[in-house]
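Letters A, B, ... mirror the listed sequences (proteins, then strands); counts begin at 1.
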2 protein chains.
Amino acid sequence: MAGQAEEGRRVRLNRERVLAAAVALADEAGIDSLSMRRLAQELGVVPMALYKHVANKEELLDAMVDVLVAEIDPPAGGAGWKSAIRQRVLSARRVLLRHPWARQVLESRTRQTPAVLGYTDSFIGMFLAGGFSVDLTHHVMHALGSRMWGFTQELFDAPAGPKADAPAVPPEALAAMFRQMAERYPNVARVAMAAAHEEGSVVGHGCDDQFEFEFALDLLLDGFERLHQQGWTSRQAKPARMPPASTGT
Amino acid sequence: MAGQAEEGRRVRLNRERVLAAAVALADEAGIDSLSMRRLAQELGVVPMALYKHVANKEELLDAMVDVLVAEIDPPAGGAGWKSAIRQRVLSARRVLLRHPWARQVLESRTRQTPAVLGYTDSFIGMFLAGGFSVDLTHHVMHALGSRMWGFTQELFDAPAGPKADAPAVPPEALAAMFRQMAERYPNVARVAMAAAHEEGSVVGHGCDDQFEFEFALDLLLDGFERLHQQGWTSRQAKPARMPPASTGT
DNA sequence: ACCTGAACACCGTTCAAGT
DNA sequence: ACCTGAACACCGTTCAAGT
């Protein structure tokens, strides 16, 4: 990251270099560090120089999403819709995990770039090719939501990760915290302890995100399959607004 | 919103007033307008006055989430886990829809406040009370994800809503745009047109968010029920990493 | 105990000027 | 055609001072 400034000063700036630098900066320093000023500095250029290659910060973020989309594998053919969708989602997930900023940026996007539309279009095409009705495909795409991009928002999921600068908490204080926690939130404690045990990991290590992601993805795909086989349509479902595959209770 | 400043100057500031003003400001002007400086102005006070009642902006946002959580109905008893969960999620959703900023703020939270832990704890308790194993409950909570708060991220879902200030696009230009769109993204076009038809609404009006939310929620709840009845455990599922309720393809 | 004022180190972006 | 410099209207927050 040093020396880049001098080197950059002689090479002409262009859109590609701006985007590559933006992605690299977000990858390495985090999305909060990606400011127009910081990015310009990284490129050895005055902030305003960027605006010749990118309309504004919003458009820069849109373009970064396009870079992302280009990294997702094209649809795999031949193995049926379910496996094709599954593989593609997991490919998107691998891309997302390479770029920690992607989740937050995708969530904040409101413009559909051509690349995003293209991805969505080919994704929809996979259901249609599998024999899904346009109607079912529509609702199924909504149900998938952000899972189509390989992520779900795991709310509050960086639970008290010990800060690097924070002083180590003495073990007896930690034990007291756990006891108090278990008393006030017994159900959370039971689930957390079971999960920690299951992983064979240290308490608080967290969950196997990949397993949880695939668990929910497969649950949904199985549900989609069932509805498809039953010839589900929103007509039946809508007037009474009944659950799709059961009669409640 | 006028006159509030003079009135505010005589009444003593306190945490409650700060929070109420923050929620009101975010409700009315949007979360992007909620800055410490603007909030102070709204309260007729200098920015730094707020820091006596709130540690910093992060803590203010955490406290706003607590206000939200308090508005969610307590669990309904007596009708079985499925109906109880469903009702609670839909109650959370009603709260979320009253506070447009909530989604974004919840997504950005990383600290678990006592109120959030309390909600999570009672939520987990509903599955356990329904006879779910701790193991299944754990995975099921992950699968629910943000749906537990009554929302899912509908990515890119404000599609080209005609800006208030933008000049009206002439109809023939609009038609040309649609034609071009349908040519490049035929699958998106098919689904969009079917959805528009189904609603009996104007093209581009969008989808019935509430229907989509309940569709996916019920799909998940039905899946949970099935796994519960089958006595699913993560032991079976983990080693081979198979889909939970089918053998693939 | 609570509020204020001035200041610091940041933002994104416009506009007029340079080469 | 591309880059620069100065400026504008914002941020969150610290610190020392007022009442």
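Taking CE from B:Met64 and CD1 from B:Ile31, the interatomic distance works out to 4.5 Å, rounded to the nearest 0.5 Å.
Within the structure, the side chain to side chain donor-acceptor pair (under 3.5 Å) test picks out the following pairs touching residues 53-70 of chain A (sequence neighbours left out): A:Arg15-A:Glu59, A:Glu58-A:Arg109, A:Asp62-A:Arg109, A:Asp66-A:Thr113. Applying the ring pair (Phe, Tyr, Trp, His ring centres under 6.0 Å) test to every pair with at least one member in residues 25-45 of chain A, sequence neighbours left out, gives no pairs at all.
A salt bridge links B:Arg86 to B:Glu214: one of the charged nitrogens lies within less than 4.0 Å of a carboxylate oxygen.
Qualifying salt bridge (charged side-chain N to carboxylate O under 4.0 Å, His left out) partners for A:Arg179, counting only residues two or more places apart in sequence or in other chains: none. For A:Glu16, there are no salt bridge (charged side-chain N to carboxylate O under 4.0 Å, His left out) partners, not counting sequence neighbours.
Across the protein-nucleic acid pair, B:Leu43 atom CG and C:dT4 atom C1' stand 16 Å apart, rounded to whole Å. When rounded to the nearest whole Å, the span between CZ of A:Arg15 and C1' of D:dA1 equals 17 Å. To the nearest angstrom, P of C:dT4 lies 12 Å from CZ of B:Arg12. Protein atom NE2 of B:His53 is 6 Å distant from nucleotide atom P of C:dC2, rounded to whole Å.
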With pairs defined as Watson-Crick or G-U wobble and both distances under 3.5 angstrom, please note down DNA chain D as a dot-bracket string, | for pairing with another strand.
-> ||.|||||...|||||.||

In B/S/- notation (B base, S sugar-phosphate only, - none; protein heavy atoms under 4.0 Å), nucleotides 7-19 of chain C written 5' to 3' is B---BBBBB----

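Comparing the P positions of D:dA9 and C:dA9 gives a spacing of 22 Å, expressed to the nearest Å. Look at the C1' atom in both D:dC3 and C:dC15: the space between them is 14 Å, to the nearest Å.
B:Thr120 places a side-chain N or O within 3.5 Å of a backbone atom of B:Val116 that can act as its donor or acceptor partner.
Neither side chain, B:Arg190 nor A:Thr137, offers a donor N or O lying under 3.5 Å from an acceptor on the other.
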